[in-house]
Amino acid sequence: MAREQLNSAPYSWHAFAERQDLAAALAGHVAGRLTNAIAERGTALLAVSGGTTPARFFASLSSIPIAWNKVTVTLVDERCVPASSPRSNAGLVAANLLQNAAAAARFVPLYQEGVSIGETSEADSRMLRSLSWPLNVVVLGMGTDGHTASFFPDADNLEKLLDPSSTSTVLPVHATSAGEPRLTLSLARLVEAGFIALHIEGEDKRKAFETAMGPGAKKPIRAVLDAAGTPVDVFWAP
């Protein structure tokens, strides 16, 4: 593993030759942070992302024997689709993370079938605010357009999503590039986390990240890294 951090850079870079090695290393980091949180306050709160990238990481994390009955897992964001849909982040988490030792964890989904997106975001916010905040661990993903969570560059409420002083917990998202309407944790809640990891794979994602960190138009992922209280740990493998 190679690790590098530029002076004053808002991130630390962890590079791995193989994706399975990345998954195991990231799982170890996350499990350690959750264990520390449980020791300090009796519970731990973890927010994870969906998509196609995290399945290996979820599988690795699920087998680590920590006190999962004291861990609450929720989502960074979610598509407004049923859990049975292959595009559901809740379905991905259920099939890959909430297995083995991690089956004992509590899971709090975001999408509710048969309820409007506005009503769902308000109900989610009430539910999540009852948990032990701030988040202990956030694991983000990133698209080649520089979006993370559901902070799409063409979202009609992007400024609100990225407001670091926002009091909102869950917000609705409508963006043409997103496909379905979505629900997402706000930037303000994400950057409060004690440990933030960005999990990306492939040369296209590395190039997109490097572009986002460079000069020019500010991508949503850059807004998150700039607002975070501590450097974000970026885990990458080709």
Side-chain angles (χ1 to χ4, degrees), residues 23 26-51 53-55 57-80 82-83 88-113 115 119-141 148-150 166-172 182-199 224 228-230 232-233:
L26 179 55
H29 275 267
V30 171
R33 294 283 181 159
L34 296 177
T35 296
N36 290 342
I38 292 166
E40 291 171 3
R41 68 185 193 187
T43 61
L45 185 55
L46 165 66
V48 296
S49 300
T53 301
F57 155 62
F58 287 163
S60 292
L61 182 59
S62 74
S63 296
I64 298 179
I66 65 173
W68 283 105
N69 61 317
K70 297 179 180 179
V71 176
T72 297
V73 179
T74 192
L75 296 168
V76 168
D77 66 327
E78 178 63 287
R79 300 174 178 92
C80 291
S88 167
N89 291 343
L92 178 77
V93 168
N96 295 277
L97 176 57
L98 303 177
Q99 303 290 328
N100 305 311
R106 175 190 179 191
F107 179 62
V108 179
L110 296 184
Y111 176 62
Q112 302 174 35
E113 289 189 64
V115 182
E119 292 174 326
T120 300
S121 66
E122 292 175 4
D124 286 345
S125 292
R126 289 192 296 271
M127 166 64 75
L128 290 175
R129 280 196 293 266
S130 70
L131 303 176
S132 297
W133 288 81
L135 291 158
N136 297 111
V137 177
V138 168
V139 182
L140 299 172
T148 190
S150 281
S166 173
T167 59
S168 298
T169 301
V170 179
L171 289 165
R182 300 201 183 198
L183 295 154
T184 189
L185 298 184
S186 65
L187 174 145
R189 301 290 78 77
L190 292 174
V191 300
E192 293 171 341
F195 176 72
I196 304 174
L198 173 62
H199 178 186
V224 173
T230 57
V232 172
D233 284 78

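Positions are given from 1 along the sequence. Values below: every heavy atom of this structure, side chains too, minus hydrogens, waters and symmetry copies.
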With sequence neighbours excluded, residues passing side chain to side chain contact (heavy atoms under 4.5 Å, CB included) with [X]:
X: I66; result: A31, L34, T35, I64, W68, V71
X: A188; result: S166, S186
X: R41; result: T43, L45, S132, P134, N136
X: A47; result: T74, V76, L135, V138, L185

Checking side chain to side chain contact (heavy atoms under 4.5 Å, CB included) for the pair T148/V232: CA distance, chi angles, key distance, verdict?
-> CA-CA 13 Å; T148 190; V232 172; over 6 Å; no
Taking all non-hydrogen atoms of both residues into account, name the closest pair between [X] and [Y] and its distance.
X: S121; Y: L183; result: CB-CD2, 3.8 Å
X: H199; Y: V139; result: CB-CG1, 4.3 Å
X: S49; Y: G141; result: OG-N, 3.5 Å
X: A90; Y: L75; result: N-CD1, 3.9 Å
X: A197; Y: L26; result: CB-CD1, 3.8 Å

Would you give me the side-chain donor-acceptor pairs under 3.5 Å for residues 100-113, sequence neighbours excluded?
unit_1	atom_1	unit_2	atom_2	d
N100	ND2	S62	OG	3.0
N100	ND2	S63	OG	3.4
Q112	NE2	D124	OD1	3.4

Which residues share a side-chain hydrogen bond (donor to acceptor under 3.5 Å, both in side chains) with E119, sequence neighbours left out =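 Applying side-chain hydrogen bond (donor to acceptor under 3.5 Å, both in side chains) to E119 gives S116.
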Interatomic distance, [X] atom [atom1] to [Y] atom [atom2] [nearest 0.5 angstrom]:
X: T230; Y: F195; atom1: OG1; atom2: CZ; result: 9.0 Å
X: L131; Y: T169; atom1: CG; atom2: OG1; result: 9.5 Å
X: L92; Y: R79; atom1: CG; atom2: CZ; result: 9.0 Å
X: L171; Y: E122; atom1: CG; atom2: CD; result: 10.5 Å
X: I196; Y: R33; atom1: CD1; atom2: CZ; result: 10.5 Å

Looking at side-chain heavy atoms only, is the closest gap between L140 and V224 below 4.5 Å?
->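 Result yes, sub-4.5 Å side-chain heavy-atom pair found.
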May I ask you to test the N96-F57 pair for a side-chain heavy-atom distance under 4.5 Å?
->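 No, their side chains stay 4.5 Å or more apart.
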Backbone N/O of N89 and side chain of E78: donor-acceptor pair under 3.5 Å |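 Here the side-chain-to-backbone pair exists.
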Check for a donor-acceptor pair, side chain of Q99 on one end and backbone N or O of A94 on the other, with a separation under 3.5 Å.
->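 Checked: pair present.
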